[in-house]
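Comments concern the structure below.
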Amino acid sequence: MQTPRASLVWLFDVDGTLLLTEGAGREAISRALRDRFGIEDDLRSIPMAGRTDPLIVGDMARKHGLELTHGTPEHHEFWESTYQHMRALMTPPRGGLLPGVLNVLDAVAAEPTWVSALLTGNVPVMAELKLSAFGVWDRFDFGAFGSEAPDRNALARVAVARAAERHGVAPSQCVVVGDTEHDIACARAAGARAVAVATGGRTRSQLAAHAPDLLLDDLSSPSLLLDWARGL
């Protein structure tokens with residue numbers, strides 16, 4: 001059965017946009033670093049907001065002089081340890097969905113030609129663990145994940161190309177929703193629209209400096225977002 005042609009594809013960031021996990025991802029990577037290499041580091045010196053998991057782990061490896069080349073046994077074992085710790089940290093779930101997220105996802109699902117998808121720096125397993133903990137993993141048609149591109153701009157191009165392939169939309173019919181300047185920049189790089197929400201590590205004024213197409217304090221008033229989208 002052919003997928004109906006979409007009029008709008010929503011590309012949601014995860015951390016700081018859809019949910020918060022109270023630093024569980026950072027802690028899981030830190031615990032894997034301790035278990036695999038005997039190194040204690042809370043990783044707070046490494047910036048994480050708006051960046052991909054592979055870039056974060058690459059910074060960590062360079063900081064400590066480690067070889068974690070993709071495809072090697074060491075790389076595989078490190079990530080398996082990270083996933084194990086993440087499962088433990090999210091059982092029971094810590095953090096939660098941000099205000100309005102469920103209402104926005106419901107509203108997008110109610111529009112016959114709108115599609116919800118993911119554009120996240122998380123690798124797939126980390127994204128699934130976070131979203132599944134709050135029962136929304138299956139709300140997304142597809143995803144573009146941090147393991148698929150070297151940086152967020154390239155990842156946004158992957159997401160837009162996937163949206164075109166699956167749903168026949170142009171880049172301008174894709175809306176990136178995120179909480180950092182990196183989300184705004186990657187939307188621009190891919191030819192998509194940019195919606196910024198001040199629910200992560202950036203203030204409204206910091207986000208405004210990067211001129212998103214729409215700027216919101218949060219998603220708790222979905223009508224602001226939906227009315228803007230319907231007017232595109």
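Only heavy atoms go into these numbers, but all of them, side chains included; no hydrogens, no water, no symmetry mates. In this text the structure is predicted, and so the values were computed from the model without any measurement.
Annotation: side-chain hydrogen bond (donor to acceptor under 3.5 Å, both in side chains) contacts of Gln206 (sequence neighbours excluded): Thr203. Residues satisfying the side-chain hydrogen bond (donor to acceptor under 3.5 Å, both in side chains) criterion with Trp79, sequence neighbours excluded, are His75. Shown here are the side-chain hydrogen bond (donor to acceptor under 3.5 Å, both in side chains) partners of Ser116, two or more places apart in sequence or in another chain: there are none.
For the pair Leu8/Val169, no side-chain contact is recorded, criterion being any heavy-atom separation below 4.5 Å from C-beta on. Side-chain atoms of Leu98 and Asp218, non-hydrogen and from C-beta on, never get closer than 4.5 Å to each other. Using a 4.5 Å heavy-atom cutoff, the side chains of Met86 and Leu129 are in contact. Taking 4.5 Å as the limit, every side-chain heavy atom of Asp13 sits out of range of all side-chain heavy atoms of His182. Contact check for Asp41 versus Lys63: side-chain heavy atoms found under the 4.5 Å cut-off.
Interatomic distance, CZ of Phe37 versus CG of Leu68, reported as 4.5 Å (0.5 Å rounding). Here the OG1-CG distance, from Thr120 to Leu18, works out to 8.5 Å after rounding to the nearest 0.5 Å. Note that NE2 of His70 and OG of Ser147 are 7.5 Å apart. Values are rounded to the nearest 0.5 Å. Interatomic distance, CG of Leu66 versus CD of Glu74, reported as 10.5 Å (0.5 Å rounding). Atom CD of Gln173 is separated from atom CH2 of Trp114 by 12.5 Å, given to the nearest 0.5 angstrom. Rounding to the nearest 0.5 Å places CZ of Arg162 at 12.0 Å from SG of Cys174.
Applying the salt bridge (charged side-chain N to carboxylate O under 4.0 Å, His left out) test to every pair with at least one member in residues 83-101, sequence neighbours left out, gives these pairs: Glu27-Arg94. Evaluation of the ring-ring contact (aromatic ring centres under 6.0 Å, His included) test over residues 185-221, restricted to residues two or more places apart or in two chains, returns none. For residues 194-208, the salt bridge (charged side-chain N to carboxylate O under 4.0 Å, His left out) pairs, not counting sequence neighbours, are Glu181-Arg202, Arg204-Asp217. Each salt bridge (charged side-chain N to carboxylate O under 4.0 Å, His left out) pair with one or both residues in residues 124-138, not counting sequence neighbours, appears once here: Asp15-Lys130. The ring-ring contact (aromatic ring centres under 6.0 Å, His included) pairs that include a residue from residues 131-163 number zero, where partners must be two or more places apart or lie in different chains.
Nearest heavy-atom pair across Ala187 and Ala194 is CB-CB, 3.7 Å. The two residues Ala190 and Pro171 have their closest heavy-atom pair at O-CB, 3.3 Å. Asn122 and Met126 make their closest contact through OD1-CB, 4.0 Å (heavy atoms, listed as atom of the first residue, atom of the second, distance). Scanning both residues, Val9 and Ala117, for their nearest heavy atoms gives CG1-CB, 4.3 Å. The shortest non-hydrogen separation linking Ala6 to Val115 is CB-CG2, 3.9 Å. Residues Arg188 and Asp213 come closest through the heavy atom pair NH1-OD2, 3.0 Å.
For the residue pair Thr199/Asp179, the side-chain donor-acceptor check at 3.5 Å is not satisfied.
The environment of His76 atom NE2 is sparse: at most 12 non-hydrogen atoms of other residues, nucleotides or ligands sit within 6.0 angstrom.
Here Leu89 sits alone; no ILVMFWY side chain lies under 4.5 Å from its own, so it joins no hydrophobic cluster. Through direct or relayed side-chain contacts under 4.5 Å between Ile, Leu, Val, Met, Phe, Trp and Tyr, Leu215 connects to Ile184, Leu207.
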Which atom pairs, one a donor and one an acceptor, fall under 3.5 Å between side chains of residues 48-61 and the rest of the protein, sequence neighbours left out?
| residue | atom | partner | partner atom | Å |
| --- | --- | --- | --- | --- |
| Arg51 | NH1 | Pro47 | O | 2.8 |
| Arg51 | NH1 | Asp59 | OD2 | 2.9 |
| Arg51 | NH2 | Asp59 | OD2 | 2.9 |
| Thr52 | OG1 | Leu55 | N | 3.3 |
| Asp53 | OD2 | Val123 | N | 3.0 |
| Asp59 | OD1 | Arg62 | NH2 | 2.7 |

Throw together a table of side-chain donor-acceptor distances under 3.5 angstrom for residues 225-232, partners on residues two or more places apart or in other chains.
| residue | atom | partner | partner atom | Å |
| --- | --- | --- | --- | --- |
| Arg230 | NE | Glu111 | OE2 | 3.1 |
| Arg230 | NH2 | Glu111 | OE2 | 3.0 |

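Placement of Trp10 and Val160 in two distinct hydrophobic clusters is found when ILVMFWY residues are connected by side-chain heavy-atom separations under 4.5 Å, directly or transitively. Following chains of ILVMFWY side-chain contacts shorter than 4.5 Å, one cannot reach Leu119 starting from Val101, and the two form parts of different hydrophobic clusters. Cluster annotation: Val176 is not connected to Val197 through the hydrophobic network of ILVMFWY side chains, with a link wherever side-chain heavy atoms come within less than 4.5 Å. Note on Leu102: it clusters hydrophobically with Leu19, by side-chain heavy-atom contacts below 4.5 Å among ILVMFWY residues. Cluster membership for Tyr83 and Leu43, using ILVMFWY side-chain heavy atoms within less than 4.5 angstrom, is shared.
Using a distance-only test at 3.5 Å, with no hydrogens or angles considered, no donor-acceptor pair links the side chain of Ser220 to the main chain of Pro99. No donor-acceptor pair under 3.5 Å is formed between the side chain of Ser81 and the backbone N or O of Glu77.
Using a 4.0 Å cut-off between a side-chain N of Lys or Arg and a carboxylate O of Asp or Glu, Asp106 and Arg139 qualify as a salt bridge.
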Residues Arg152, Asp183; criterion side-chain contact (heavy atoms from CB on, under 4.5 Å); working and verdict: CA-CA 8 Å; Arg152 204 167 185 93; Asp183 300 295; 2.9 Å; yes

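The residue from Val195, Leu11, Leu214 that alone fulfils the side chain to side chain contact (heavy atoms under 4.5 Å, CB included) condition with Val177 is Val195.
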